[in-house]
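Throughout, residue positions are numbered sequentially from 1 according to the sequence presented. Counting convention: from 1, in listed order, for ligands and their atoms alike.
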Amino acid sequence: MLVSAKEMLEKAREGKYAVGQFNINNLEWTKSVLLTAQELQSPVILGVSEGAGKYMTGFKTVSAMVKAMMEELNITVPVALHLDHGSYEGCYKCIKAGFSSIMFDGSHYSIEENIEKTKELVKIAHTMGLSLEAEVGSIGGEEDGVVGLGECADPAECKAISDLGIDFLAAGIGNIHGKYPENWPGLRFDVLEKIKEAVGDMPLVLHGGTGIPEDMIKKAISLGVAKINVNTECQLTFAAATRAYVEAGKDLQGKGFDPRKLLAPGADAIKGTVKEKMELFGSVGKA
Ligand code: 13P
């Protein structure tokens with residue numbers, strides 16, 4: 001059964017570890033993430049972007065697939081199915097489709113409009129038993145064609161949004177989706193500290209989890225980050241493993257052309273990445 005992410009993230013914040021959000025794109029990725037979470041007895045959040053939802057033919061398909069897969073694989077650890085960077089309309093679609101958590105990314109609206117829409121979505125999400133993540137200050141890089149500027153969030157705006165009854169908050173602190181450029185100056189811990197002071201116990205979310213050095217991840221967790229999103233790193237390991245398999249000509253040997261065989265090295269590579277992150281975030285054994 002899917003659970004809202006509220007309780008798992010409150011426990012993580014209290015226990016000074018973070019729960020990983022791993023974005024899924026298809027059956028293989030979903031299976032790899034769920035099996036790894038179960039093996040490591042870790043809570044987990046499956047992230048679905050609007051683009052990935054569309055690719056999988058719609059949020060209803062995703063929700064049905066994840067629920068059925070959890071039953072067939074006997075997954076007993078806490079799993080939240082979460083809309084990543086949702087639009088206002090996307091949030092409603094996921095509530096209807098049976099997701100257990102949504103992110104409303106209103107960071108591109110004016111703060112007034114972000115507040116108004118977030119307030120409305122908090123009410124409906126909570127009535128339906130879902131958790132809600134809100135965002136202040138856009139996060140750098142590009143995701144599904146939406147380009148952010150990598151700005152840092154204003155602590156006063158963070159306070160205004162967190163007072164709306166949201167469950168966890170994504171606030172830009174110099175983090176970027178995708179690969180970090182060589183001249184990236186690092187996370188702005190001074191800003192994170194001010195945000196923490198302003199929002200108190202609210203669990204904080206760090207987007208752009210790919211490529212952040214381990215010491216910065218640990219410091220961010222110590223300052224209140226309880227959820228870390230990882231997408232690009234799984235894509236990179238999946239692509240590298242598939243490429244190695246094809247370049248070695250293995251797809252042309254025996255039954256290598258079988259799509260199940262062709263996708264197996266990539267799916268295994270994702271398991272490795274998820275394991276590495278769960279160990280780094282400290283969520284192993286916390287189910
Ligand atoms: P990366 O693709 O940089 O890992 O970021 C993922 C993310 O933040 C999804 O919201």
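Residue-ligand proximity, T232 to ligand 1, at heavy-atom distances under 4.0 Å covers atoms 1 (P), 2 (O), 3 (O), 4 (O). Numbered from 1 in the order shown, with element, the atoms of ligand 1 that lie under 4.0 Å from a heavy atom of G178 read 1 (P), 2 (O), 3 (O). Heavy-atom contacts of H207 reach the following atoms of ligand 1: 8 (O), 10 (O) (cutoff under 4.0 Å).
Annotation: E233 places no N or O atom under 3.5 Å from an N or O atom of ligand 1; distance criterion only. Among the atoms of V230, none of the N or O lies under 3.5 angstrom from an N or O of ligand 1. Considering backbone and side-chain N/O of Q21, none are found under 3.5 Å from N/O of ligand 1.
The residue from N175, N231, I228, I212 that puts a heavy atom closest to atom 6 (C) of ligand 1 is N231. Nearest-heavy-atom check against atom 7 (C) of ligand 1 across H177, K277, M103, E133 picks out H177. Atom 10 (O) of ligand 1 has its nearest heavy-atom neighbour, among D84, L236, L206, N23, in D84.
Side-chain N/O atoms of N175 and H207 include no donor and acceptor closer than 3.5 Å. With hydrogens and angles left out, the side-chain atoms of H126 and D167 include a donor and acceptor closer than 3.5 Å.
In this structure, G47 does not count as a contact residue of ligand 1, since none of its heavy atoms falls inside 4.0 Å of the ligand.
Atoms CD1 and CE, on I161 and M202 in that order, are 10.5 Å from each other to the nearest 0.5 Å.
H85 has its ring centre no less than 6.0 Å from the ring centre of H108.
Counting heavy atoms closer than 4.0 Å to ligand 1, residue H85 contributes side-chain atoms (C-beta onward) but none from N, CA, C or O.
Taking the six-membered ring for Trp and thresholds of 30 and 60 degrees, Y88 and Y92 have ring planes more than 60 degrees apart, a perpendicular arrangement. Note: H82 and F168 have tilted aromatic rings, judged against thresholds of 30 and 60 degrees for the angle between ring planes.
A cation-pi arrangement is found for K117 relative to Y109, the charged atom lying closer than 6.0 Å to the ring centre and inside a 45° cone about the ring normal. Under the 6.0 Å distance and 45° angle rule, K96 does not count as a cation-pi partner of F59.
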